[in-house]
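Please read the structure below before turning to the comments.
Given the structure is predicted, the values throughout are model-derived calculations rather than measurements. What you see below is based on every heavy atom in this structure, not just the backbone, and it leaves out hydrogens, waters and symmetry mates. Below, chain A is the first sequence line, B the second, and so on; all start at residue 1.
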Amino acid sequence: MQKPPDAAMTPRPDDGAPRAPTSIAARAMAGLKPAAAAYLEGLNAEQRRAVETTDGPVLVLAGAGTGKTRVLTTRIAHLIATARARPFDILAVTFTNKAAREMKARIGALVGPAGEGMPWLGTFHAIGTKILRRHAELVGLKSDFTILGTDDQIRLMKQVLADQNIDEKRWPARALGHAIDGWKNRGLGPEQVPPGESGAFAFGKGGALYTAYQARLATLNAVDFGDLLLLCLKLWRENPDVLENYQQRFRYILVDEYQDTNVAQYLWLRLLAQGHRNVACVGDDDQSIYGWRGAEVDNILRFEHDFPGAAVVRLERNYRSTGHILAAASGLIAKNEGRLGKTLRTEDEPGERVTISGAWDSEEEARLLAESIESLQAKKHPLSEIAVLVRISAQMREIEDRFVQLGLPYRVIGGPRFYERAEIRDALAYLRITANPADDLAFERIINTPKRGLGDATLQQLHGYARAERIPLLLAACRLVETDELKPRVRSTLRALVESFSRWARAVEKMPHSEVAQTILEESGYTEMWQKDRSADAAGRLENLKEFVRSMEEFPDLAGFLEHVALVMDASEAEGAERVSLMTLHAAKGLEFDTVFLPGWEDGLFPNQRALDESGRAGLEEERRLAHVGLTRARKRAKLSFAVNRRIHGLWSSTIPSRFIDELPEASVDVIEAPAHFSAGASRFDRNPQPFGSSYGTPGWQRAQANTNASNAAGGGRGFGSAPGGRAGARSGGPRQIEGELIAKSTGSASAFLGGMRVFHTKFGPGTVAGVDGNKLTVDFDKAGRKMVLDSFLQPG
DNA sequence: CTCTTAGATTTTTTT
DNA sequence: AATCTAAGAG
């Protein structure tokens, strides 16, 4: 990512003075002069204000689709073009590498060569790394420190827990990792952890474990992701002169996705911004969906307080979605409290309403969804403009199965990342030790991969020796093979391994690093291991390894490559193929598509039960924001769906439509009636309902509607999905739309059922009503236990 | 030490 | 249901 050391940084001949005519900015200006206003021209008044309010703190509240990135890039172009700053005077931080890449590209397009080499445009972590490498000694590191990924962290935590004799069953390493991450996200070092929280883990040892973990990191000359920010804070607090240097250097600061900043990032920014106070944060409180990993919406709500006199610009004109989609999304998000409040508007036509359809089970939902995509495809709708957004990855499987069966091309976005695959991590481990023989974590990872008979016992022995001598594992291995403390067999394999590593380390000096990698993979037997493996994905893994070696060629040296991998866990994806995109709602943030499918809108799944349990109302609001993000990804069509039966952890459960569906404004919604085959050839009572497709008879959902209509007609209410003339419509063939009708109302119509009544459910059998909430009932089933169900699925029993 | 089997574990994701 | 982890047998 940052291969060339920023040559531009070093010469600063005329700090603060007007730019010399030969400066980059001046050349940029010269180039831009004739079209000086060009880059401002397409902007609306609000956007223009966001760009032109250059000095002092600015908060830009940019709703979905309001041109946020455009404002950000134009602002940078404007700063450069008006000679307020040179590219290297500007600090621009993003959260993801993807966002950073995109911004780089767009600035390049706007400013031309002058925008190149913005050395301080990058993710928080990339910039933090860059700063730390320069001042590593001041925080007790060497400048070639390694950056640990999540799995290395866990490995290290396990060791720490073992050292302190803590039962790993009761206090899993993951949990400790979570706690420490949480503290780091909040900017807390080991000594700053509140005593109460420190005591919450492992009988009061939380803080001590944190300290021990940091000590282990230090001896390894390693940092984790949290440290990349936390150590910057430490560096600046303890070295005011260093801080001041950076404060002066960054004349203008820009922050993307400000609503996602955590406390550590906020503190980091605030320290830097105290220099010139030219800080512009762009964000949208309604799109804050990362609260569970430490993001603080409060940061955005508090901005004006922290930066008195801040200008606040609201971008409310949406350029993406049609009227109905926007109305649906706005109506939904309006149910949230505690937001800064924006009203998105569009000048686009109303367009199609958001559709809602139900299915008997998740498999049928997937089938209907795929059919719907096929019919769009038949109408020449490009597949690349269709996305399916799910709440959890587990939903993807059934949908993928369907796509595969139909031969519908698709791609999963944001799946397991390239550098996180086991074979890549293994290969990386080999390279890491070659580059840095003290990398114990990497050594542990591959000492017995491929299997060479060096197991736990040997490793323990090495550990003991290494700790006693205070040397790295590899060196310990070196020494131990010279003694006779090892069994002969172990001794000879270990000796061979040790010798291989020193041979490879020498090879790095005289061979291109990708060739060395190739050699290592072959000589270590790693490639062979996968060649012998006959499992289905072995071929793919070998393919990945090839790609891995090839990708190394793009980097000047091994160290540069390793740093790239540590920070950018992401291999750039091939774009533009004619495929449907499948991803989680989280992964969809920042993207847009003509047509968006949103399956699985069921209570418990979305809003997710766990989010509700863990964070209560705040959790619900975050889920609602997630729904808002999902809807606003759509330009022309949004299609919601839900299933009334879904397999959760392998068990079928009955589900009820998401409460978010009730919250959508009726005027912008169409309910799609069940397709014709739904009610074909009905046997009225299916003793043993088959979850697999509706071909087995009338699905319960449809059957239940008659029931609901009957029971609710008097109260004027309607069951979900019911519509007058349903049967007639069914005969007519394709889906029929009933405009503006319905929407399940859990309020309004009282259910025909009362607490204590005996009832019968087609799936769960007989039971007793325990509670009633509109048409949603809590029932204690004789066999299946307590469940929430829609009254329409129940017969009086 | 390695392989097998029983058991638990199951959101969202970046760096 | 599927997958990963840890304990037990060979």
Side-chain angles (χ1 to χ4, degrees), chain A residues 1 93-100 122-129 147-154 158 168-169 172-174 178 181 184-185 223-230 257 260-262 264-265 288-295 362-363 389-398 401 413-417 419-420 422 447-448 450-460 487 489-490 493 563-570 583-590 600 604-615 619 622-623 625-627 629-630 646-652 691:
Chain A
M1 203 173 158
V93 276
T94 63
F95 276 83
T96 63
N97 294 296
K98 200 172 133 206
T123 63
F124 277 100
H125 298 268
I127 290 168
T129 307
I147 302 165
L148 263 37
T150 318
D151 52 351
D152 289 324
Q153 268 184 72
I154 301 291
K158 280 193 173 146
E168 231 234 86
K169 287 238 182 78
R174 300 186 63 95
H178 198 83
D181 265 355
K184 289 189 174 178
N185 284 339
V223 299
D224 63 19
F225 286 121
D227 286 339
L228 292 174
L229 298 167
L230 208 53
E257 306 279 15
D260 288 336
T261 48
N262 60 36
Q265 286 157 339
S288 164
I289 55 177
Y290 286 110
W292 50 272
R293 67 176 197 217
S362 43
E363 191 207 287
L389 311 183
V390 296
R391 174 67 242 270
I392 62 172
S393 339
Q395 285 172 265
M396 289 187 189
R397 198 197 177 92
E398 277 178 308
D401 283 352
I413 297 193
R417 271 161 292 287
Y419 293 118
E420 268 167 20
I447 182 169
N448 203 26
K451 303 254 185 296
R452 42 171 83 90
L454 300 172
D456 254 7
T458 315
L459 190 57
Q460 286 311 317
K487 291 188 193 133
R489 194 188 196 93
V490 172
T493 27
E563 170 139 329
H564 164 85
V565 173
L567 287 172
V568 188
M569 295 293 291
D570 189 16
M583 68 193 97
T584 64
L585 285 159
H586 284 91
K589 192 163 81 157
L605 179 63
F606 189 36
N608 187 271
Q609 192 58 50
R610 195 141 157 187
L612 263 36
D613 292 344
E614 279 169 21
S615 320
E622 183 153 314
E623 295 285 297
R625 289 194 292 267
L626 200 49
V629 167
R646 185 174 294 275
R647 209 166 17 192
I648 297 166
H649 309 324
L651 294 168
W652 285 97

Of the listed B/dT15, B/dT14, B/dT12, the closest approach to the A/R293 side chain comes from B/dT14
Atom CE of A/M396 and atom P of B/dT11 are separated, to the nearest Å, by 14 Å
Report the nucleotide, chosen from C/dT3, B/dT2, B/dT14, that has the shortest atom-to-atom distance to any side-chain atom of A/K451.
B/dT2
Nearest-Å distance for atom pair CG/P, residues A/L148 and B/dT15
17 Å
Check this one for me: any side-chain N or O of A/T123 less than 4.0 Å away from OP1 or OP2 of B/dT14?
no
A/R397 has a side chain; which of B/dT13, B/dC1, C/dT3 sits nearest to it?
C/dT3
Roughly, in whole Å, what's the span from NZ in A/K589 to P in B/dT14?
11 Å
A/D152 CG - B/dT14 C1' separation (whole Å)
16 Å
Sidechain-backbone polar pair: A/H125 side chain, A/L228 backbone, donor-acceptor under 3.5 Å:
no
Measure CD1/A/I392 against C1'/C/dT3 and give the value in whole Å, please.
15 Å
Within the 4.0 Å heavy-atom criterion, would you say A/N448 contacts the bases, only the backbone, or no part of the nucleic acid?
sugar-phosphate
Between A/R647 and A/E363, is there a side-chain N and carboxylate O pair less than 4.0 Å apart?
no
On the nucleotide B/dT12, are OP1 or OP2 found under 4.0 Å from the side-chain N or O atoms that A/S393 carries?
yes
Classify the nucleic acid contact of A/T150 as base, sugar-phosphate or nothing, counting any heavy atom under 4.0 Å across all strands shown.
base
In whole angstrom, what separates A/H649's NE2 from B/dA8's P?
15 Å
Using atom types as modelled and distance alone, determine if a side-chain donor or acceptor of A/Q460 lies under 3.5 Å from a backbone N or O of A/A457.
no
Would you say A/N97 reaches B/dT15's phosphate, i.e. side-chain N/O to OP1/OP2 under 4.0 Å?
yes
Take A/F225 and A/E614, find for each the nucleotide of DNA chain B with the closest heavy atom, and name the residue whose nucleotide sits nearer the 5' end.
A/E614
In this structure, how many angstroms lie between the C1' atom of C/dC4 and the CD atom of A/E420, rounded?
16 Å
So, under a plain 3.5 Å distance rule, would you say the side chain of A/R391 forms a donor-acceptor pair with the base of B/dT11?
yes
Between A/S615 (side chain) and A/L612 (backbone), is there a donor-acceptor pair under 3.5 Å?
no
Could you tell me the separation between the CG atom of A/L454 and the P atom of B/dT2, rounded to a whole number of Å?
8 Å
Would you say whether A/Y290 stacks on B/dT14? The test is a distance between ring centres of less than 5.5 Å and an angle between planes of less than 30°.
no
Hey, does the side chain of A/N262 reach the backbone of A/Q265 with a donor-acceptor pair shorter than 3.5 angstrom?
yes
Toward the 5' end of DNA chain B, by each residue's nearest nucleotide, A/R452 or A/M583
A/R452
Okay, side chain of A/N448, backbone of A/G453: is any donor-acceptor separation there less than 3.5 Å?
yes
Hey, does A/A457 reach any base, or is it just sugar-phosphate, or nothing, if we go heavy atoms under 4.0 Å?
sugar-phosphate
